[in-house]
Each structure stands twice: as C-alpha cells, then as structure tokens.
Amino acid sequence: MLKGKNALITGSTSGMGLATAKALANEGCNVMINGFAPPGVPERLCKEISSESGVKVLYSSADLSKPEEARKIVADAIEGLGSVDILFNNAGLQFVAPITEFPDDRWDYLTSVMLDSVFHATKAALPGMISRGWGRIINTSSVHGIVASPHKPAYIAAKHGVAGLTKAVALEVAEAGVTCNAIGPGLTLTDVILKQLPAQAKIHNCSEEEALKKVFLAQTPTRRAIEPEEIAGTVVFLCSEAAKSITGTMIMIDGGYTAR
Ligand code: NAD
C-alpha cells in the first residue's frame, strides 16, 4: 500500500528519522531526508538507502528553525518527488538548563525547530494531501509531551505543544482521508544519548552500559533503551491502511515510562 508514496522526513540524517527513512524506503516509498551532517554524509546516505530499496531518495539541508525553510522543504519535496503523501515531523534537539538561566535564544531555537516548523510544514503539505484524499502526518513528541522533568523547559513546552497541534490538525482533516498522530518515544538509543554515555560512566565510575541503566533508565519499567528501528516500525504502521482510523492520538513507545 505504501509503494510509490512520497515521504518527507525531517531530522533524518541520524537516529530515529534515519531509521524511519530506511523503513519507509523498504516499503517502497520515495523519501526526502533532511538534517545537519558533515559534508558528504547526506549524499552517502541517499545512495545507501536508494541502492538498498530501489526508491528515489533526495536530501534537503533546510534549517527548520527558519519558517521560510520549513515551508520551502515541503515545496522542494513536492518538486523533487512529485508530492508529499507522508510527512514525518521529527527534527529535534535538547538543551538543558534551569529556567532562570535558560538562554532566550535557546528557547527560540528549540521551540522553532520542534513546534513552529511542525506548523509551517503541515500547513504547506496539507492542501496536496486533502486534494488527493490521502495523507499521513506523524509528529515526534516524547514522554516529555505528557510529563515533565526539570531543566528542559523549551523541549517540554515544544513537545507538549506538538501533542496539542496533532489533535487540532487531526480534527480539521478527519473527513479528508488524512490522519495526524504523534509518537511519544522514551529513551531511544540515538546520538543524543550515546554522546553522553562516556561522561556519565566516568562520573558514576561504572561502565557505559551501567550508566545507561543507572542514569537514563532508572524510571523506565523495561530498563531497556528503545532502538530507533522500533520507532520506525510504529511510524510505518501509522502510515498503513490498518491505521486509517487512528488519528489525533499519541502512541507512547516508552517501555512503560508514562504508565506510572
Ligand atoms: P538525532 O540527534 O539522531 O536526530 C535529530 C535530527 O534532527 C538530526 O537529523 C538533526 O540534524 C536534525 N535537526 C536538529 N536541528 C535541526 C534543524 N534546525 N533543522 C533541521 N534538522 C535539524 O536524535 P533522535 O533521538 O533521533 O531525535 C529525533 C526526534 O526524537 C527529536 O524530535 C527528539 O526530540 C525526539 N525524541 C528523542 C528521544 C531519545 O531518547 N532519543 C526521546 C523522545 C523524543
């Protein structure tokens, strides 16, 4: 069913976005990937994905903190692929500081990448989806879209905002064959986490594996980090025919974190 559909996946030069780009490509979707990466890496990723799956793979370097680029990436995907049938709004980053010391520019940057860009890209992609009577929008929220923890005000505000925006969009397009859902990952093994492990292991005088359990997974009932491929599997499911009546919801992929 997904064969021949065109998917735009923001924040997909690494982590769960990249895993999802590969998974959708393996389902037969043409994909546009996006995100920051060292020179040469995006071209290598495009080649790898397309030679493995045989689909068309394009890259956009759009900086989604800029509204005009969040709009243009959709126009570029439509021009390059022919349409945007699936929009996975996934780009994101973290910044940690107490609110009284939280730099204003970090607040603006994080909320523009993780909330404002979702609005701009969705607004640009919806008319085509509505006119074709089919579309899938999936937004990456987080466990921090429904609960909070200290020192992450911008991230938590953006991820809560995305959860609300998801419901608002879902209601507006419910009769048009377009679904809009959020995913709520818990701790997922991507660069953001992997980069912090050596320092945490040093601080706690333990192995990186122990640091992962002690520091990052202490509140996770499964005590296991989520693999990016598990996130990709959920996104592919949400794009499928079987999920056509699932809209306006947030699927938690969090090892039970928010069940407490
Ligand atoms: P990641 O760092 O591997 O991926 C983030 C992607 O976003 C990268 O491709 C990066 O280049 C891109 N990006 C960042 N700023 C951008 C900008 N201004 N414009 C365009 N692209 C930009 O990390 P990940 O864990 O795969 O993160 C993907 C999403 O999942 C994010 O929204 C993140 O908040 C969310 N998330 C992650 C976890 C986790 O534990 N890893 C948990 C819950 C939610």
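Both counts, for ligands and for their atoms, begin at 1 and track the order of listing. Only heavy atoms go into these numbers, but all of them, side chains included; no hydrogens, no water, no symmetry mates. Along the sequence shown, the residues carry numbers beginning at 1.
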*For Glu68, look at atom CD and say whether over 12 heavy atoms of other residues, nucleotides or ligands are found less than 6.0 Å away.*
yes

_Protein heavy-atom partner closest to atom 38 (C) of ligand 1 - residue, atom, separation in Å_ = Met16 CE, 3.8 Å

Side-chain donor-acceptor pairs of residues 20-28 under 3.5 Å, sequence neighbours excluded:
from  : atom 1 : to    : atom 2 : distance (Å)
Thr20 : OG1    : Met16 : O      : 2.7
Asn26 : ND2    : Lys22 : O      : 3.3

*Determine whether any heavy atom of Ala62 lies closer than 4.0 Å to an atom of ligand 1.*
yes

*Ignoring hydrogens and angles, state whether a donor on the side chain of Asn6 or Ser83 is under 3.5 Å from an acceptor on the partner side chain.*
yes

_With respect to Leu64, determine whether any N or O atom, backbone or side chain, lies less than 3.5 Å from an N or O atom of ligand 1._
yes

*Between Asn90 and ligand 1, which residue portion shows a heavy-atom distance shorter than 4.0 Å: side chain, backbone, both, or neither?*
both

*asked:* Any nitrogen or oxygen of Pro185 lying under 3.5 Å from a nitrogen or oxygen in ligand 1? Just yes or no.
replied: no

*Could you say whether the N/O atoms of Ser142 and ligand 1 ever approach to under 3.5 Å?*
no

_To the nearest 0.5 Å, what is the distance between OH on Tyr155 and CE on Met114?_
6.0 Å

_Protein heavy atom at shortest distance from atom 2 (O) of ligand 1_ = Val192 CG2, 3.5 Å

*asked:* Between Asp254 and Thr258, do the side chains contain a donor N or O and an acceptor N or O under 3.5 Å apart?
replied: yes

*asked:* Between ligand 1 and Lys159, can you find any atom pair, the residue atom being a heavy atom, that is separated by under 4.0 Å?
replied: yes

*asked:* For the CG atom on Asp104, are there more than 12 heavy atoms of other groups (residues, nucleotides or ligands in this structure) within a distance under 6.0 Å?
replied: no

*asked:* If you measure every N or O of Tyr155 against every N or O of ligand 1, does any of those distances drop under 3.5 Å?
replied: yes

_Assess whether a salt bridge exists between Arg136 and Asp85, defined as any Lys/Arg side-chain N lying under 4.0 Å from an Asp/Glu carboxylate O._
no

*Could a heavy atom of Gly186 be found less than 4.0 Å from some atom of ligand 1?*
yes

*asked:* Quick check: Ser14 and ligand 1, any N/O pair under 3.5 Å apart?
replied: yes

*asked:* Just checking Tyr109 against Phe95, ring centres under 6.0 Å apart?
replied: no

_Gln94 and ligand 1 - part of the residue with a heavy-atom distance under 4.0 Å_ = neither

_Less than 4.0 angstrom from a charged side-chain N to a carboxylate O is my criterion; do Glu210 and Lys213 meet it?_
no

_I need the atoms of ligand 1 closer than 4.0 Å to a non-hydrogen atom of Gly92, numbered in the order shown._
5 (C), 7 (O), 14 (C), 31 (C), 32 (O)

*Is ligand 1 under 4.0 Å from a heavy atom in the side chain of Ser141, in the backbone, in both, or in neither?*
backbone

*Could you tell me whether some N/O pair between Gly35 and ligand 1 is separated by less than 3.5 angstrom?*
no

_Under 4.0 Å, heavy-atom basis, I'd like to know which part of Ser12 is in contact with ligand 1: side chain, backbone, both or neither._
backbone

Per-pair distances, 0.1 Å, donor-acceptor, side chain in residues 57-65, under 3.5 Å, sequence neighbours excluded:
from  : atom 1 : to    : atom 2 : distance (Å)
Tyr59 : OH     : Gly35 : O      : 2.6
Ser60 : OG     : Ala62 : N      : 3.1
Asp63 : OD1    : Ser65 : N      : 2.9
Asp63 : OD1    : Ser65 : OG     : 2.8
Asp63 : OD2    : Ser65 : OG     : 3.3

_Part of Asp63 within contact of ligand 1 (heavy atoms, under 4.0 Å)_ = both

